[in-house]
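Read through the structure below, which is laid out as structure tokens, and then see the notes.
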There are 2 protein chains.
Amino acid sequence: MTTKRSPGTADRILDVAERLVQVRGFNAFSYADVSKAVGIQKASLHHHFATKTDLGVALVERYRHAFLAALAAIEDDAGGALERLERYADLYRTVLRKRRMCMCGMLAADVATLPEPMRSSVAAFFAENVAWLSRVLAEGKKRGELRFAGPPAAMAGFVVSSLEGAMLVARGSGDPGHLDEAARLILSSLRGVGARTRRA
Amino acid sequence: MTTKRSPGTADRILDVAERLVQVRGFNAFSYADVSKAVGIQKASLHHHFATKTDLGVALVERYRHAFLAALAAIEDDAGGALERLERYADLYRTVLRKRRMCMCGMLAADVATLPEPMRSSVAAFFAENVAWLSRVLAEGKKRGELRFAGPPAAMAGFVVSSLEGAMLVARGSGDPGHLDEAARLILSSLRGVGARTRRA
DNA sequence: GTCTATAACGAGATAGAC
DNA sequence: GTCTATCTCGTTATAGAC
């Protein structure tokens, strides 16, 4: 077991900046905001992340890494495809419950204003999600646990789109229920025709 | 028939600002940007829209109005529910083709930073869309043209979410195909079990 | 690694002439 | 209704002491 130290300054900066991006967007937070929340002067932030672009790139890459780790954790617990999809949707629910948007969903909106290294990292996030879901969907179909038409990658893209959109609309309309509804409809559709709702 | 004059300055300002919001977001465009594109000094903009909040409110309300007009046009052409849903999806495709995000989808991302009058207008946009879709879905189901479980409003919310999310992910991943795929899957799901893809 | 101080620029907004 | 000029503030970023 690795020794766990209290988070260093760079990590605390990333934690604060991550929250700010997910709530406000990349163009609507400043070094001054981070400075206040971390309890360190603005100039000191530049020692850890020389430019806002550097900070942004580090944010997306850490987020991608953490998300991939969460997906790996779902696979380790070795349930069926339906359970994995439920837990995938739960990742989104957890974010929304914190009144945040998925960081890469947020950055997808900001994409026209992002520096190139951030853009390609955001694109990679979606590609990684689609790849993981494609595997889950393909396996679930093979085992007869899931039912859907067309290639797994197309359905995987739809799952990501729908969950991201449901978070977005949930925030825009002030009704978190949109995400629950989306997760419910996607799952019940994949369960096939004689679908029963899951137990409470 | 009403006489159609060339657009006044206020309208030209709104046209430019609308594009900027849909591409860059509300926090990532400035009066200077609008000034350049319209060919008028920054100070003159304040004559038409005293504050950026005023401009923002006017933008969302004009957008809502235009969207409602587009929905009314779809109803006037009196096709079936499936055709109406296809044309609804086309509204989104047209926006994405211009490399824009739905204005209210964009503002939903920015929502934490928006002045209150804009926030409630964004929420109203989604409510209007869900209301319109609910009617189309309910009628289509009644006529046996559509097949889906649960209340029409829930499915309507899912349709909006999925299309908004598909636009978002399409931009974030640089692949417009996400929107086509989402539209295709939603429509084929609503067509019911023995679905055939529509003709090319 | 953190600080104070400041540079250099762009933001939203106002005053007042024409 | 548009202009020039200006104000005030916030932004990212740097210099240099400790």
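First the proteins, then the strands, lettered A, B, ... as listed; each starts at 1.
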From A:Asp90 atom CG to A:Ile74 atom CD1, the distance as rounded to the nearest 0.5 Å: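 That separation rounds to 8.0 Å.
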Gap between atom CD of B:Glu83 and atom CG of B:Leu187 - 0.5 Å precision: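 Nearest 0.5 Å value for the CG-CD distance: 11.5 Å.
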Closest listed nucleotide, where the reference is the side chain of B:His48 and the choices are C:dT2, D:dA13, D:dT2: D:dT2
Listed nucleotide nearest any side-chain atom of A:Lys52, set D:dT2, D:dA13, C:dT2: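 Of the options given, the side chain of A:Lys52 lies nearest D:dA13.
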Separation of atom [atom1] in [X] from atom [atom2] in [N], rounded to whole Å:
X	N	atom1	atom2	result
B:Phe49	D:dG1	CZ	P	12 Å
A:Leu20	D:dT12	CG	P	11 Å
A:Tyr31	C:dT4	OH	P	18 Å
A:His47	D:dT12	NE2	P	19 Å
A:Leu55	D:dT12	CG	C1'	12 Å
A:Asn27	C:dG10	CG	P	16 Å

Considering all heavy atoms, the nearest B:Ser162-B:Ala182 contact: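 It is O-CB, 4.3 Å.
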Pairwise side-chain hydrogen bond (donor to acceptor under 3.5 Å, both in side chains) hits with a residue in residues 94-111 of chain B, at least two apart: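 Sorted result for residues 94-111 of chain B: B:Gln22-B:Arg100.
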Sugar-phosphate, base or nothing in reach of A:Phe29, heavy atoms under 4.0 Å: sugar-phosphate
Within residues 37-45 of chain A: residues closer than 4.0 Å to DNA chain D (heavy atoms): A:Lys42, A:Ala43
Relative orientation of the end axes in the helix from C:dG1-D:dC18 to C:dC18-D:dG1, expressed as an angle to the nearest 10° (five pairs per end):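 Inter-axis angle at the termini of the helix from C:dG1-D:dC18 to C:dC18-D:dG1: 0°.
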Phosphate-side-chain proximity, [X] and [N], N/O vs OP1/OP2 below 4.0 Å:
X	N	answer
A:Ser30	D:dG10	no
A:His46	C:dT2	no
B:Thr9	D:dT2	yes

Test log, rule side chain to side chain contact (heavy atoms under 4.5 Å, CB included), inputs A:Phe49 and A:Leu14: CA-CA 10 Å; A:Phe49 302 98; A:Leu14 288 171; 3.7 Å; yes
Test item: B:Lys141 side-chain N/O and B:Pro152 main-chain N/O as donor-acceptor pair under 3.5 Å: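 A pair under 3.5 Å: no.
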B:Tyr63 and B:Phe67 aromatic ring geometry - parallel, tilted or perpendicular at 30°/60° bounds: tilted
SB check A:Glu139 A:Arg135 (cutoff 4.0 Å):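 Salt bridge: no.
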Aromatic B:Tyr31 / basic B:Lys36 pairing, under 6.0 angstrom, 45° off normal: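 No.
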